[in-house]
Amino acid sequence: MAIRTRFAPSPTGMLHIGGVRTALFSWLYARRHNGTFILRIEDTDRERSTDEATQVILDGMEWLGLTADEGPFYQTRRMDRYREVIDQFLKTGHAYHCYCSKEELEEMRNRQLAAKQKPRYDGTCRNRTEPRPGVSPVVRFKNPLEGSVVVEDAIHGNVVFDNMELDDLIIARSDGTPTYNFCVVVDDSDMNCTHVIRGDDHLNNTPRQINMLKALGAAIPMYAHVPMILGQDGAKLSKRHGAVSVLQYREEGFLPEALLNYLVRLGWSHGDQEVFSMEEMTRLFDIKDVNKAASAFNPDKLLWLNQQHIMRSTPEHLAKYLKPQLAALGVNVTDDRKLAAVAKSQQERAKTLKEMAQNSRFFFEDVTSYDEKAAKKNLGAEAVAPLSTVLAKLSALPEWVAPALHDAVNQTATELNLGMGKVAQPIRVAVSGGTVSPPIDVTLEVLGREVTLARLERALAYARGQGA
RNA sequence: GCUCCCAUCGUCUAGAGGCCUAGGACGGGGCCCUCUCAAGGCCUAAACCGGGGUUCGAAUCCCCGUGGGAGCGCCA
């Protein structure tokens with residue numbers, strides 16, 4: 001049978017890395033087995049759902065490349081179908097009207113809690129034949145009173161729940177709208193989901209969903225309840241450490257494949273391998289190999305992985321992401337070839353594309369001032385000799401390519417009997433304004449002859465001024 | 001409170017009874033390389049939650065604790 005998985009977020013909060021990981025697992029599992037990946041938006045809570053959150057889900061999934069084969073489906077557009085099933089349940093005796101008031105239920109709950117019992121509906125209206133006048137009832141699912149339910153879970157194994165622990169949950173509110181657990185059941189059944197991969201906070205909901213699925217006469221999917229992601233401090237993920245919108249990671253300069261690589265390694269591994277390409281991930285991932293324990297989010301490792309992926313990327317791929325990062329700094333680049341050349345020169349020295357952009361501004365913008373400390377140390381009177389010497393050599397260069405540039409700088413150092421640092425650093429400050437850049441020969445090549453010479457002239461004048 | 005889930009270095013993990021003197025990775029410390037920043041190489045500190053069993057032998061299996069988490073809504 002063809003595998004069908006789904007990701008079903010509710011747009012009541014921003015999609016964060018916890019949600020992304022379950023989406024990733026579902027997506028990988030479907031890809032691995034040539035199955036179908038479905039996206040379903042669970043927006044039945046009209047009060048708390050927002051268009052903004054929905055958009056983050058859509059944009060985030062697209063940015064990450066977790067494309068859906070079917071959907072997005074919106075539950076708010078399936079109301080008729082839910083009502084149909086509710087009526088069917090009512091007719092077949094799988095559900096009944098409950099006229100208990102919220103006050104009565106509240107009182108019942110308090111009573112049970114006081115008696116150290118698990119709060120649950122006692123079934124008062126199960127056998128009611130007469131409606132209560134003036135009360136619009138809710139609809140409750142008639143859960144089996146005896147026996148047990150076994151959740152077959154790919155990660156946890158078989159988990160047994162006693163039906164006595166379950167009560168008759170509300171499937172339709174008094175205003176007629178269906179509730180979450182019910183909608184999930186109808187959807188998973190209608191969409192023929194063969195595997196339900198979701199956070200393990202849903203494990204406790206599963207037995208009641210299975211009972212409803214049975215009442216529906218639907219097939220029971222294979223479940224996989226993946227452990228949660230914790231914050232850095234081991235506490236529940238919060239805004240403080242990563243429960244921010246996934247799109248935040250795009251802004252921060254993370255590569256989608258790096259974020260996904262980080263996430264897939266949370267609770268899953270393949271020997272000692274740390275870096276995975278998307279192709280390797282889809283080929284090697286198996287939901288059965290996922291851990292049971294929750295894991296803490298570690299930003300340092302994410303950063304390291306991002307760097308690893310940056311180093312392994314092609315300059316053209318990086319250029320695509322570097323461009324908007326530069327634009328965010330007010331640097332609009334039109335020369336894609338140069339952009340790729342810059343990315344290539346920087347890919348070993350940036351943990352994020354944002355950082356790369358910040359360190360690459362001088363390739364595109366004029367150097368109008370020098371970093372104070374850098375200038376003081378490297379553009380003093382002693383820089384006059386190396387700068388003027390190298391300037392002369394570079395001006396005479398027939399071909400503006402890194403090896404030739406390297407030789408010119410090298411020869412300057414030899415002739416003046418100086419260390420490479422005494423020559424390269426003044427040049428670096430001259431062309432970049434600071435002390436950090438790719439290797440000097442590569443930097444100059446990318447910068448080009450005109451720009452390099454002009455900046456060297458300017459720095460030379462500056463250094464001469466310092467000597468006076 | 002009740003039910004369910006979980007438990008190896010600070011963190012992510014390897015480990016499916018002997019291969020464990022518990023391996024790898026991030027981060028930390030040290031050294032090397034070096035024109036800056038990086039990258040890279042080498043070295044190093046650092047863990048089986050506790051207690052009982054089972055077994056010739058347990059990080060691995062069982063039980064009990066302890067700790068953490070989730071669910072118990074006319075929220076999803």
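The chains referred to below are lettered A, B, ... by the order of the sequence lines, with proteins before strands, and numbering in each begins at 1.
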Nearest-angstrom distance, C1' atom, B:C19 to B:G57: 14 Å
Base, sugar-phosphate alone, or nothing: which one does A:N291 contact when heavy atoms must sit under 4.0 Å apart? sugar-phosphate
Can you measure A:D122 atom CG to B:G73 atom P for me and round it to whole angstrom units? 12 Å
Polar pair under 3.5 Å, donor/acceptor by atom type, side chain A:N204, base B:A70: yes
Considering only NZ, NE, NH1 and NH2 on the basic side and carboxylate oxygens on the acidic side, decide whether A:E355 and A:K351 come within less than 4.0 Å. no
Which nucleotide, B:G27, B:G40, B:C74, lies nearest any side-chain atom of A:D300? B:G27
Taking atom P of B:U11 as reference, at what distance in whole Å does atom CH2 of A:W304 sit? 19 Å
What's the verdict on side-chain contact (heavy atoms from CB on, under 4.5 Å) for A:S245 and A:L15, showing C-alpha distance, side-chain angles and the deciding distance? CA-CA 5 Å; A:S245 153; A:L15 176 62; over 6 Å; no
Sugar-phosphate only, base, or nothing, as touched by A:E42 at under 4.0 Å among non-hydrogen atoms: sugar-phosphate
Have a look at A:F161 and say if it touches a base, only the backbone sugar-phosphate, or nothing, with a 4.0 Å heavy-atom cut-off. sugar-phosphate
So if I take every side-chain heavy atom of A:D272 and compare against B:A38, B:G24, B:G1, which nucleotide ends up nearest? B:G24
Quick one: do A:E106 and A:K102 make a salt bridge, cutoff under 4.0 Å? no
Does the distance from a Lys or Arg side-chain N to an Asp or Glu carboxylate O, for A:D168 and A:K142, drop under 4.0 Å? no
Report which part of the nucleic acid A:P227 touches: base, sugar-phosphate, or nothing (heavy-atom distance under 4.0 Å, all strands). nothing
With respect to the phosphate group of B:G1, does any side-chain polar atom (N or O) of A:Q112 fall under 4.0 Å of OP1 or OP2? no
Separation of the C1' atoms in B:A47 and B:U21, to the nearest angstrom: 15 Å
Categorize A:H202 for me: base, sugar-phosphate, or nothing, with a 4.0 angstrom heavy-atom threshold over every strand shown. base
Is it true that A:E415 and A:K393 make a salt bridge, defined as a side-chain N closer than 4.0 Å to a carboxylate O? yes
In whole Å, measure the gap between the C1' atoms of B:C72 and B:U13 for me. 33 Å
Once you apply a heavy-atom cut-off of 4.0 Å, does A:S437 come out as touching a base, just sugar-phosphate, or nothing? base
Is the phosphate of B:G71, meaning OP1 or OP2, less than 4.0 Å from a side-chain N or O of A:K118? no
Please determine if a side-chain N or O atom of A:R109 lies less than 4.0 Å away from the OP1 or OP2 oxygen of B:G73. yes
Given that both distances must come in under 3.5 Å, which nucleotide forms a Watson-Crick or G-U wobble pair with B:U3? B:A70
So which of residues 418-430 of chain A are in contact with RNA chain B, with a heavy-atom cut-off of under 4.0 Å? A:M420, A:G421, A:A424, A:Q425, A:R428
Which residue, A:E274 or A:E348, contacts RNA chain B at a nucleotide closer to its 5' end, judged by nearest heavy atom? A:E274
Is A:T44 close enough to B:A76 that one of its side-chain N or O atoms is under 4.0 Å from OP1 or OP2 there? yes
Determine, step by step, whether A:N359 and A:Q346 satisfy the side chain to side chain donor-acceptor pair (under 3.5 Å) criterion, reporting the C-alpha distance in whole Å, the side-chain angles of both residues, the deciding distance to 0.1 Å, and the verdict. CA-CA 8 Å; A:N359 291 335; A:Q346 296 281 36; 5.8 Å; no
Does any donor atom in the side chain of A:Y121 or A:R109 lie under 3.5 Å from an acceptor atom in the other side chain? no
If you measure from the C1' atom in B:C75 to the same atom in B:A22, how many Å do you get, rounded? 45 Å
Under a 3.5 Å threshold, yes or no: a donor from one side chain and an acceptor from the other, between A:T206 and A:H225? yes
So what does A:V159 hit on the nucleic acid, given a heavy-atom distance under 4.0 Å: a base, only sugar-phosphate, or nothing? sugar-phosphate
Residue-phosphate contact under 4.0 Å: A:Q308 side-chain N/O, B:G40 OP1/OP2: yes
Check this for me, if you would: do A:R40 and A:D188 make a salt bridge, where the nitrogen-to-carboxylate-oxygen distance has to be below 4.0 angstrom? yes
No-H, no-angle donor-acceptor pair, A:R173 side chain to B:C74 base, under 3.5 Å: no
Considering just the side-chain nitrogens and oxygens of A:S269, establish if one lies under 4.0 Å of OP1 or OP2 belonging to B:A14. yes
Nearest-Å distance, CG (A:N298) to P (B:G27)? 9 Å
Of the candidate nucleotides B:A39, B:U11, B:C35, which contains the atom at the shortest distance from the side chain of A:A296? B:U11
Is any NZ, NE, NH1 or NH2 atom of the basic residue among A:E274 and A:K301 found under 4.0 Å from an Asp or Glu carboxylate oxygen of the other? yes
Proximity to the side chain of A:N181 - top-ranked nucleotide from B:A76, B:G1, B:U13: B:A76
Phosphate oxygens OP1/OP2 of B:C75: is one of them under 4.0 Å from a side-chain N or O of A:T12? no
How many Å lie between CG on A:N205 and P on B:A76, as a whole number? 11 Å
With rounding to whole Å, what would you report as the distance between B:C49 and B:U66 at their C1' atoms? 7 Å
Tell me whether the side-chain N or O atoms of A:S174 pair up with the base of B:C74 as donor and acceptor below 3.5 Å, since no angle test is needed here. yes
Under a 4.0 Å N-O cut-off, is there an ion pair linking A:R312 with A:E280? no
Take the protein atom CG of A:L263 and the nucleotide atom P of B:C12, then report the distance between them rounded to whole Å. 14 Å
In whole Å, measure the gap between the C1' atoms of B:C9 and B:U55 for me. 29 Å
Report which part of the nucleic acid A:N359 touches: base, sugar-phosphate, or nothing (heavy-atom distance under 4.0 Å, all strands). nothing
On a whole-Å scale, what distance lies between the C1' atoms belonging to B:G65 and B:C20? 27 Å
Do the side chains of A:K288 and A:D286 get close enough for a salt bridge, i.e. N-O under 4.0 angstrom? yes
What does A:Q273 touch in the nucleic acid at a heavy-atom separation under 4.0 angstrom: a base, only the sugar-phosphate, or nothing? nothing
What's the closest nucleotide to the side chain of A:M228 if the choices are B:A70, B:C74, B:G27? B:A70
When you get a sec, tell me which of B:C72, B:C37, B:A76 is the closest nucleotide to the side chain of A:V436? B:C37
Using a heavy-atom cut-off of 4.0 Å across all strands, would you classify A:I440 as base, sugar-phosphate, or nothing? base
Any base atoms under 4.0 Å from A:P207, or only sugar-phosphate, or nothing? Heavy atoms, all strands. nothing
Rounded to the nearest Å, what distance is computed from the CG atom of residue A:L305 to the P atom of nucleotide B:U13? 13 Å
Among B:U36, B:C74, B:A39, find the nucleotide with the atom closest to the side chain of A:M311. B:A39
For atom NE2 of A:H309 and atom C1' of B:C26, their distance in whole Å: 14 Å
In whole angstroms, how far is the C1' atom of B:A39 from the CD atom of A:E355? 13 Å
Between B:U54 and B:G17 - C1' atom distance, rounded Å: 11 Å
Taking only side-chain nitrogens and oxygens of A:K292, does any of them come within less than 4.0 Å of OP1 or OP2 of B:C5? no
